[in-house]
Amino acid sequence: MIIEVLSIVLSLGLLMFFAYRGYPVIVFAPIFTLLAVVLSGLALLPSYTETFMTNAANYVKSFFPIFLLGAIFGKVMELSGAASSIAHTIVRALGSNRAILAVVLACAILTYGGVSLFVVAFAVYPFASAIFREANIPKRLIPGTIALGAFTFTMDALPGTPQIQNIIPTTYFGTDAYAAPVVGIIGAIMVFAGGMLWLERRRKQAAANGEGYGTGHTNEPELQQTQSYMNIWLAILPLAIVLIGNYMFSRGIWTVEAWYDPSMLKESFKIDKVKNVVSSWALIIALSLGIITAILINVRQVQTKLASGLTAAAMGALLAIFNTASEVGFGNVVKTLPGFKVIQGWILGASDHPLVSEALAVNVLAGVTGSASGGLSIALEVMGKQYMEMASAVGISPELLHRIASMASGGMDTLPHNGAVITLLAITGLTHRQSYKDIFAITVVKTLAVFILAFGVSLFV
C-alpha cells in the first residue's frame with residue numbers, strides 16, 4: 001500500500017517538476033498518469049482511453065461554453081478598449097504611491113465582471129509594469145500582485161462572481177452563484193487583507209535593500225503616452241450587464257428555472273434537477289449579453305479586428321479547457337488507484353465536520369491536479385454526496401458547502417504546474433525562480449482563510 005501511495009506522489013511530483021521547467025501540462029499529464037497506473041499494477045490502455053479520456057471529455061462537455069464565452073468576452077473587452085480604460089483609470093486614480101493596491105483592484109474589478117483570468121493578466125500587465133517602474137517597485141512582485149487580484153477572492157469568494165470555480169458547485173449542491181454571501185464576503189476581506197499585508201511587506205523589504213524595478217527584463221510592454229481611453233462609465237457597462245444579468249437569470253425575476261417544463265427536461269434531456277443547471281444557463285446568457293454590449297460600445301474599433309480576435313479567443317479557450325481537462329483526467333485516474341483510497345480515508349478521517357473535511361479534500365485535489373476547477377470537480381464528484389449527507393445530519397445548508405468548496409478550490413491549486421501560474425509568468429517575462437515565492441505566499445493566505453472560515457462556521461452549526 002505504501003508503494004501505491006508513493007506512485008501517486010511520484011507522478012504528481014514529476015508533473016509539478018516538468019511544469020516548473022516550462023513543459024506543457026497537456027502533454028505530460030497523461031504521461032505521468034499512466035506512470036502512476038503502471039506502478040499501481042492496473043491496466044494501462046483502459047485507464048487511458050476509458051478513464052482519463054472519458055472524464056476529460058465530460059469536463060469539456062460540461063464547461064466549454066463558459067470557457068469559450070468567457071474568453072470571447074475578455075477579448076472583445078480588450079478590443080473595444082474597455083479593459084484598458086478600466087485598468088488605466090484605477091491605476092492612475094490611485095497613483096504610484098499605491099501601486100500594488102491599484103493593480104489588485106484593477107484585476108479584481110475585471111475578474112468579478114466576468115473577464116477570464118488569462119485576459120485580465122494580459123490587460124493589466126502593461127499598466128502594472130508602468131506604475132511599478134514609476135514607483136521603483138521590483139518587477140518580480142507583479143505576478144503575485146496580479147494573482148491576488150485575479151486568482152483569489154474575486155474568483156471564488158465574492159457572491160455572484162461568474163468565474164467557473166463559483167459555478168461548478170451549483171451542479172452538485174443545487175445552489176446558485178450567490179450562495180452563502182456573508183461567509184463569502186468575510187472570506188474575501190480576509191484574503192484581500194492578508195495578501196496586501198504580504199505584498200506591502202515585500203515591497204518595504206525591497207526598498208530597504210535598495211532594490212528597484214530592475215533592468216534587463218524581458219517582455220517589457222511599450223505604452224504610448226498619447227493613447228486615449230474611452231469613458232470609464234461606458235467601459236464598465238459590459239461588466240455591469242454580466243453581473244446584473246447573471247443575478248436576474250439565476251435568481252431574479254427572469255430566472256431560467258421557470259423557462260422550461262421540468263417534466264419535459266427530465267424526459268427529453270435527462271435533467272432530473274433543474275437547479276443543477278440554472279447557474280450555467282444564466283451565466284451563458286449573461287456573458288452573451290456582455291459580449292454584445294462590449295462590441296456595441298465601440299463597434300468601429302472592434303469590427304476591424306473581430307475575426308482575428310474571435311480566433312484568438314477560441315484558441316485560448318481551447319488551450320485553457322484542454323489543459324484543465326487533462327488535469328481532470330489525471331485526477332480521475334488517480335482516484336481509481338488503490339493508493340487514493342488511503343488518501344481519501346485520511347481526508348475523511350481528518351475531521352468529522354463536513355465543512356472542514358470538504359475544505360481539505362478540495363484543497364488536496366486542487367493541488368494534485370494543479371487546477372482549481374479540476375480539483376473541485378473531482379472532489380465533489382467523488383465525495384459530494386457524502387458531504388451533503390453529513391451536512392444534512394448536522395443542519396448545515398448546501399449554500400455553506402458551496403462557498404467553502406469554491407473558496408478551497410482556489411487554495412493549493414496554484415502549485416508550480418498550475419496553468420494560470422505558468423501563463424502569468426510567461427506574460428510578465430519572469431520565471432518561477434524570480435516570482436513564485438510571492439504567488440505561493442498568496443496561495444497560503446488563501447488556504448489559511450478557507451480553513452479559518454470552515455473551523456469558525458463549524459463552531460456555530
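- The closest side-chain donor-acceptor pair between S250 and S279, if any, does not fall under 3.5 angstrom.
- With sequence neighbours excluded, the residues satisfying side-chain hydrogen bond (donor to acceptor under 3.5 Å, both in side chains) with D176 are R251.
- The minimum heavy-atom distance between T145 and L141, with the atom names listed, is OG1-O, 2.8 Å.
- Using a 4.5 Å heavy-atom cutoff, the side chains of L425 and I439 are in contact.
- Across all their heavy atoms, L401 and P354 have their closest contact at CD2-CB, 4.5 Å.
- The shortest side-chain heavy-atom distance between L287 and V242 falls under the 4.5 Å cut-off.
- Side-chain atoms of E50 do not come within 3.5 Å of backbone N or O of S47 as any donor-acceptor pair.
- Rounded to the nearest 0.5 angstrom, E358 CD and L400 CG are separated by 9.5 Å.
- Here the side chain of W198 pairs no donor or acceptor atom with the backbone of V445 at under 3.5 angstrom.
- Residues meeting the side chain to side chain contact (heavy atoms under 4.5 Å, CB included) test with F322, sequence neighbours left out: I26, V60, L318.
- Of the residues F249, W259, F269, Y260, the one that meets the ring-ring contact (aromatic ring centres under 6.0 Å, His included) test with W281 is Y260.
- Two residues are said to be in side-chain contact when any heavy atoms from C-beta on lie closer than 4.5 Å; I241 and I292 fail this criterion.
- A donor-acceptor pair is defined here as one N or O able to donate and one able to accept, closer than 3.5 Å; no such pair exists between the side chain of Q165 and the backbone of M407.
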Output side-chain donor-acceptor pairs under 3.5 Å for residues 5-12, partner residues at least two apart or in another chain, one line each.
residue, atom, partner, partner atom, Å
S7, OG, E4, O, 2.6
S7, OG, S40, OG, 3.1
S11, OG, S7, O, 3.2
S11, OG, I8, O, 2.9

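- Taking the salt bridge (Lys or Arg N to Asp or Glu O under 4.0 Å) definition, one finds that D156 meets it with K446, sequence neighbours left out.
- For Q303, the side chain to side chain contact (heavy atoms under 4.5 Å, CB included) partners at least two apart in sequence or on another chain are V299.
- A donor-acceptor pair under 3.5 Å is absent between the side-chain atoms of S435 and the main chain of P143, judged by distance alone.
- For the pair T161 (side chain) and L158 (backbone), a donor-acceptor distance under 3.5 Å is absent.
- We find the SG-CD1 distance between C107 and I90 to be 9.0 Å, quoted to the nearest 0.5 Å.
- A side-chain donor-acceptor contact under 3.5 Å links H402 to the backbone of N166.
- Aromatic rings of F340 and W346 (six-membered ring for Trp) have centroids beyond the 6.0 Å cut-off, not under it.
- Scanning for side-chain hydrogen bond (donor to acceptor under 3.5 Å, both in side chains) contacts around Y172 gives E381, with sequence neighbours left out.
- Listed by chain and residue number, nothing satisfies the side chain to side chain contact (heavy atoms under 4.5 Å, CB included) test with T171 (two or more places apart in sequence, or in another chain).
- No side-chain heavy atom of F28 sits less than 4.5 Å from a side-chain heavy atom of S326.
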Which donor-acceptor pairs under 3.5 Å do the side chains of residues 387-396 make with protein atoms, sequence neighbours left out?
residue, atom, partner, partner atom, Å
Y387, OH, S357, O, 3.1
Y387, OH, S357, OG, 3.0

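- Aromatic ring centres of F330 and F32: separated by at least 6.0 Å.
- Contacts of N332 classified as side-chain hydrogen bond (donor to acceptor under 3.5 Å, both in side chains), with partners at least two apart in sequence or in another chain: K335.
- Q163 contributes no side-chain N or O that, together with a main-chain N or O of M155, makes up a donor-acceptor pair within less than 3.5 Å.
- The list of side chain to side chain donor-acceptor pair (under 3.5 Å) pairs with a residue in residues 307-321, not counting sequence neighbours, is empty.
- For the pair F63 and S373, the minimum side-chain heavy-atom distance is 4.5 Å or more.
- Residue pairs meeting the side chain to side chain donor-acceptor pair (under 3.5 Å) criterion with at least one partner in residues 62-80, sequence neighbours excluded, are K75-E78.
- Ring pair Y178/Y247 is perpendicular by interplanar angle, where above 60° counts as perpendicular and below 30° as parallel.
- Heavy-atom contacts from other residues, nucleotides or ligands closer than 6.0 Å to CZ of F64 number more than 12.
- Counting only heavy atoms from C-beta outward, the side chains of F18 and V27 never approach each other to under 4.5 Å.
- Contacts of S263 classified as side-chain hydrogen bond (donor to acceptor under 3.5 Å, both in side chains), with partners at least two apart in sequence or in another chain: D261.
- Between the N363 side chain and the M412 main chain, a donor and an acceptor come within less than 3.5 Å of each other.
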